[in-house]
Chemist: 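Quick one: the structure is below, and I'll ask about it shortly.
Lettering of chains follows the sequences in order, A, B, ..., and the numbering in each one begins at 1.
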Amino acid sequence: MLKALENISAFYANPTRFMALARQVHRPLWALAIGVLAYGLYRVAYVPADYQQGDSVRIMFVHVPAAWMSLFGYSFIFIASVTALIFRHPLGHVAARAAAPVGAVFTLLALITGSLWGQPMWGTWWVWDARLTSVLVLFFIYLGYIALWQAIDEPTRAARAASILAIVGFINVPIVKFSVDWWNTLHQPASVSRLARPALHADFLYPLLIMGAGFLVLFLALTLTRMQMEVLRQRLRARAPKGEPPHV
Amino acid sequence: MSGLMRIFAAICSQHMHLSWRSGQTMLAVSFLFIAITLLPFGLGPELKLLRALAPGLLWVVLAISLLTGLERLFQADYEDGTLDRLLLVPLAFEAVVLAKLLGHYLALVLPLILAVPLAGLLLNIEAARLPVLLAAMLCGSPALVLLGGIGASLAVSVRRGGLLTVLIAMPFYVPVLIFGAAAGRAGLETGVAVGPYLGILAALSAASLLLAPFAIAAALRSALR
Amino acid sequence: MSGLMRIFAAICSQHMHLSWRSGQTMLAVSFLFIAITLLPFGLGPELKLLRALAPGLLWVVLAISLLTGLERLFQADYEDGTLDRLLLVPLAFEAVVLAKLLGHYLALVLPLILAVPLAGLLLNIEAARLPVLLAAMLCGSPALVLLGGIGASLAVSVRRGGLLTVLIAMPFYVPVLIFGAAAGRAGLETGVAVGPYLGILAALSAASLLLAPFAIAAALRSALR
Amino acid sequence: MAETQNLFSNLQHSRDAVCRADGLACARGAITVFEGVSFSLAAGQALCLRGANGSGKSSLLRQLAGLLPAAAGTLTHPDPAYGTHYLGHADGLKAALTIAETLAFDAALAGYRADNDAYADIAARLGLAGCDWQFVGDLSAGQKRRLTLARLIMDPRPLWLLDEPMTALDAAGRALVTDLAEAHLENGGMIIAASHETLDFADEEVLLEPRR
Amino acid sequence: MAETQNLFSNLQHSRDAVCRADGLACARGAITVFEGVSFSLAAGQALCLRGANGSGKSSLLRQLAGLLPAAAGTLTHPDPAYGTHYLGHADGLKAALTIAETLAFDAALAGYRADNDAYADIAARLGLAGCDWQFVGDLSAGQKRRLTLARLIMDPRPLWLLDEPMTALDAAGRALVTDLAEAHLENGGMIIAASHETLDFADEEVLLEPRR
Ligand code: HEM
Ligand SMILES: Nc1ncnc2c1ncn2[C@@H]1O[C@H](COP(=O)(O)OP(=O)(O)OP(=O)(O)O)[C@@H](O)[C@H]1O
Ligand SMILES: Nc1ncnc2c1ncn2[C@@H]1O[C@H](COP(=O)(O)OP(=O)(O)OP(=O)(O)O)[C@@H](O)[C@H]1O
Ligand SMILES: [Mg+2]
Ligand SMILES: [Mg+2]
């Protein structure tokens with residue numbers, strides 16, 4: 001099984017083969033993403049209003065999947081960077097770089113929808129709650145990662161620096177999460193409490209899972225498209241004869 | 001555009017261009033948010049406490065972000081020989097200095113100030129109070145840049161003079177911070193007039209505008225000897 | 001002293017020497033005091049409030065002073081070609097990095113920490129509580145330097161990468177600040193055990209010590225390409 | 001000078017301009033680097049400063065540019081703000097700009113704006129490829145040096161102060177400097193250059209002897 | 001080499017050492033700077049790299065120093081950490097140190113400590129006055145360059161990589177470099193230097209032609 005995986009990965013280490021695969025996959029992937037999301041939104045529209053929260057409960061169907069994707073995105077970057085740095089898989093850097101802005105946008109979406117939800121629920125846009133704070137810090141880690149990519153013009157150098165940061169940053173994420181939890185449970189005043197969360201009713205659960213699946217496919221589709229762009233950009237760069245612009 | 005104006009514009013826009021190209025602008029804004037995020041870790045997450053301290057904290061964080069950026073305002077130009085060149089243009093050196101300061105203000109300080117409302121939300125300032133804080137910062141920030149520039153220029157001939165900039169500029173920042181924070185607090189308490197504070201801040205900025213370019217130009221000239 | 005140890009010592013002591021010669025050490029300490037002095041202007045002078053916030057404020061100020069200094073930790077060496085040289089010595093580059101970090105710690109961070117008790121008195125912390133704060137800072141500060149060093153090394157090939165350093169390093173500072181401030185508060189409230197916090201801080205420092213030199217060496221190597 | 005004529009129709013400098021030093025002395029720190037240096041230069045003449053390392057050639061050029069005050073003696077020279085180009089050891093280039101952006105800044109400091117073709121022309125004349133995408137920070141030592149020469153072409157000023165103008169240049173680069181200098185002298189310009197090599201365009205020499 | 005013999009009794013390098021490049025290529029950014037460069041150098045030989053500005057001389061030296069990876073081809077050379085001196089454009093000098101302090105640091109990086117007289121000797125040999133009070137930041141361009149030569153004297157390593165070693169040096173300084181180089185070659189050392197000038201000590205040349 002592992003051997004097979006290794007073979008597949010070695011096969012697609014060649015960017016040309018990857019591009020051929022991507023060309024075949026990317027349309028179906030986008031179609032799937034749009035389809036699942038559309039079906040999910042349709043289900044969300046028919047979810048009954050919550051007895052406590054009214055219609056604002058519908059934010060949940062964007063917020064929670066976005067929050068999941070923020071975590072998934074960073075794990076994705078980490079795995080891609082390890083692949084690139086340790087196993088020298090050439091597509092690793094491409095994948096990591098492509099996924100970063102996508103993950104950052106999902107993180108921002110989680111933050112914004114959370115704030116929008118927080119206003120009716122808690123009467124405030126923001127609290128220094130453990131979970132919220134760790135998402136904010138995660139967002140900064142994303143920003144630092146993207147900024148590093150952009151700040152270094154030379155691609156190979158930028159790639160190495162960024163993968164070092166991705167790996168070290170990944171170790172940091174659980175540490176932040178754990179420390180923030182402790183910080184907050186010790187000192188969070190009882191007056192600000194998160195909404196009591198009853199076990200999720202199936203009416204809510206299934207649409208949520210569908211939306212989650214939709215977001216996941218959307219993430220993959222966006223990342224794949226950005227990877228294709230990245231490979232094309234690198235090719236143009238490499239093919240540019242001397243005297244022609246190396247970047248497009 | 002006349003030749004002199006073109007030179008002024010070129011110096012100002014080159015500075016902005018370099019700030020943007022090297023990601024300084026985005027980074028300054030992120031720095032503000034990160035500092036705002038770090039504070040609750042030190043101070044504890046109580047909302048009421050944070051709200052009470054917010055205007056003051058925002059001012060202090062603004063001042064520190066500003067200082068961090070100012071440090072290398074003239075340093076790079078000094079080291080790579082650009083200052084030598086800028087002394088040999090047909091524009092008074094005071095005007096050259098002003099062009100650089102203006103570029104710095106537009107590229108780094110203004111975006112920082114415009115990010116303050118969002119940062120204010122993180123510290124839970126009520127949205128209705130933000131305009132006052134913003135107005136106070138717009139009135140007071142030119143003074144911070146101009147006075148910080150004096151520190152930066154005095155520190156320029158000292159290798160790694162970064163902290164020296166800070167040391168020299170900070171005493172000048174005290175009045176601005178006092179009135180700035182007072183304006184912010186007045187904006188929080190209904191019934192206290194904000195106008196006088198804003199007036200004082202604007203006056204501080206105007207006074208710095210008269211003073212700073214000459215002081216900076218003189219400091220840079222003597223650093224180049 | 002063996003050859004390798006002499007090289008290690010030379011790199012470390014040259015860094016300290018340069019920090020001292022260029023006035024960095026004194027300036028870092030002054031920065032701490034000035035920041036502590038500015039804060040009451042922003043926050044209002046209520047003594048009780050200041051006392052309650054003091055440990056957290058001191059940690060935040062320590063972190064920010066540290067970051068300000070770290071920014072140029074490898075930058076000067078990168079620009080003037082010293083890093084090229086240091087890659088060509090018969091000492092593992094990780095050890096070279098460690099020597100520089102140690103020099104930085106001894107020259108800039110330790111004096112800062114030793115100045116904290118005095119700053120604490122200015123903020124009205126009772127003298128009896130200071131040892132805990134000091135111990136927490138001694139346990140936690142190596143982590144701050146080592147993790148900040150990662151940011152500094154990643155930003156090194158970027159011109160004016162100062163704020164990038166800050167942006168990269170700050171998320172790493174969060175855990176240290178949280179436990180540092182918690183230890184400080186525990187030191188203020190009788191009956192809360194400080195030991196566990198100090199242990200966590202020391203563990204964070206130890207973990208960074210294992211990780212950081214490798215990350216920094218790799219980042220610097222690739223910056224030199 | 002075909003290409004530059006697109007920008008400047010062979011501007012002639014005033015034939016009355018002079019550059020003169022009388023008993024000039026220079027102090028750096030507590031040390032007097034040189035004393036009693038005198039020379040005189042008329043329009044169309046070039047002077048080469050010679051002297052051992054540390055004899056004060058660079059310092060003298062900075063004095064002529066008005067960047068360093070004279071410790072004694074008098075200097076007569078065109079107003080630096082309009083009349084002087086100073087190319088020192090520090091090149092004043094910004095690594096984060098492209099060649100075209102650098103040339104645009106040079107043009108703006110000369111008070112005008114040209115179009116991209118003009119910049120590409122100048123870059124080609126200097127032997128630099130990739131005008132509109134090559135970052136200055138990625139140029140080689142000699143390429144950077146060539147780029148600084150653009151200022152001389154783009155902004156006609158009577159007095160050129162060149163500190164070791166041949167540094168890092170290959171044979172073609174040296175020929176380029178010589179060509180530019182000779183055209184400048186023909187137009188009535190003046191050049192003072194410090195160098196350890198023989199400069200073909202310089203007719204006179206001043207030897208700085210370190211005061212011991 | 002009278003003074004240096006106080007420090008090293010004319011250390012001989014191994015006669016078996018070689019430095020060889022086979023089909024070497026260099027990529028900077030997205031550009032291939034050169035390809036298919038081959039040469040071989042035995043103990044006691046010196047090689048001069050030639051080529052127009054931007055042809056990749058400095059890049060090749062950095063590859064030999066192990067600072068830049070080869071894009072293709074193979075390199076055989078002494079372990080850089082023990083066997084190589086690299087003097088590039090950036091001089092690695094600290095403005096805030098005095099000459100003596102700089103030399104003491106050089107000695108420490110070579111793994112030993114000498115006394116102040118030895119430092120004064122070396123400074124004198126390099127033609128630098130004021131060893132124990134002159135700050136490096138106040139030195140002239142040529143004086144700084146001379147100071148970097150101290151490393152070659154104080155730390156005997158078989159392979160010297162010199163990027164434009166004659167830059168900013170006066171006649172005496174050039175003679176000094178040539179003397180040092182010749183003594184090094186006699187002791188079985190190897191030198192690869194990039195220069196636009198003729199180097200008296202180099203017996204072979206490699207011409208880098210830019211790939212167009
Ligand atoms: C900016 C503010 C907010 C942020 C950054 C945030 C962050 C997150 C994150 C990261 C998750 C996923 C956690 C996981 O699955 O492990 C999550 C889930 C969730 N959030 Fe938020 N949140 C915010 C505001 C809110 C608000 C205001 C509410 C409702 C009052 C809320 C309700 C929920 C619920 C119900 C879940 C699903 C819980 C679960 O699956 O375990 N969030 N949020
Ligand atoms: N990061 C980079 N990206 C793109 N091109 C680069 C980069 N770094 C260097 N170059 C290019 O590589 C080429 C070789 O540069 P190098 O400094 O090795 O030349 P050189 O032979 O030493 O020239 P000189 O005689 O001017 O010193 C140059 O054309 C330069 O523009
Ligand atoms: N700030 C200073 N304090 C003391 N001495 C200084 C200072 N600045 C320069 N010097 C000394 O002044 C002298 C002249 O320096 P300058 O750079 O003018 O020499 P130069 O003739 O250009 O030499 P080179 O041929 O090496 O370029 C040198 O001996 C230098 O050490
Ligand atoms: Mg000189
Ligand atoms: Mg070169």
Chemist: Provide the closest heavy-atom pair for E:Ala108 versus C:Ala10 in the form atom of the first, atom of the second, distance.
Modeler: CB-CB, 3.2 Å
Chemist: Heavy-atom distance under 4.5 Å between the side chains of C:Gln14 and E:Glu101, does that happen here?
Modeler: no
Chemist: Passes side-chain contact (heavy atoms from CB on, under 4.5 Å), E:Leu67 versus C:Asp84? Steps please.
Modeler: CA-CA 7 Å; E:Leu67 297 169; C:Asp84 290 346; 3.9 Å; yes
Chemist: Only pairs of heavy atoms separated by less than 4.5 Å count here; which of E:Gly83, E:Gly88, E:Pro69, E:Ala65 has the most with chain C?
Modeler: E:Pro69
Chemist: Residue by residue, which of residues 85-101 of chain C have a heavy atom closer than 4.5 Å to a heavy atom belonging to chain E?
Modeler: C:Arg85, C:Leu86, C:Leu87, C:Leu88, C:Val89, C:Pro90
Chemist: Could you state the interatomic distance from CD1 (C:Ile7) to OH (E:Tyr112), rounded to the nearest 0.5 Å?
Modeler: 11.5 Å
Chemist: Answer yes or no: is there a donor N or O on one side and an acceptor on the other, between the side chain of C:Arg21 and the main chain of E:Ala96, under 3.5 Å?
Modeler: yes
Chemist: In terms of heavy-atom contacts, does CZ of C:Phe214 have more than 12 from other residues, nucleotides or ligands at under 6.0 Å?
Modeler: no
Chemist: Could you check which of E:Thr84, E:Leu97, E:Leu87, E:Asp79 has the highest count of heavy-atom pairs closer than 4.5 Å to chain C?
Modeler: E:Leu97
Chemist: How long is the span from the NZ atom in E:Lys94 to the OG1 atom in C:Thr82, to the nearest 0.5 Å?
Modeler: 3.5 Å
Chemist: Please classify the contact of E:Gln63 with chain C as side chain, backbone, both or neither, using a heavy-atom distance under 4.5 Å.
Modeler: neither
Chemist: Side-chain contact test, heavy atoms from C-beta onward, threshold under 4.5 Å: evaluate it for C:Leu224 versus E:Arg62 and give yes or no.
Modeler: yes
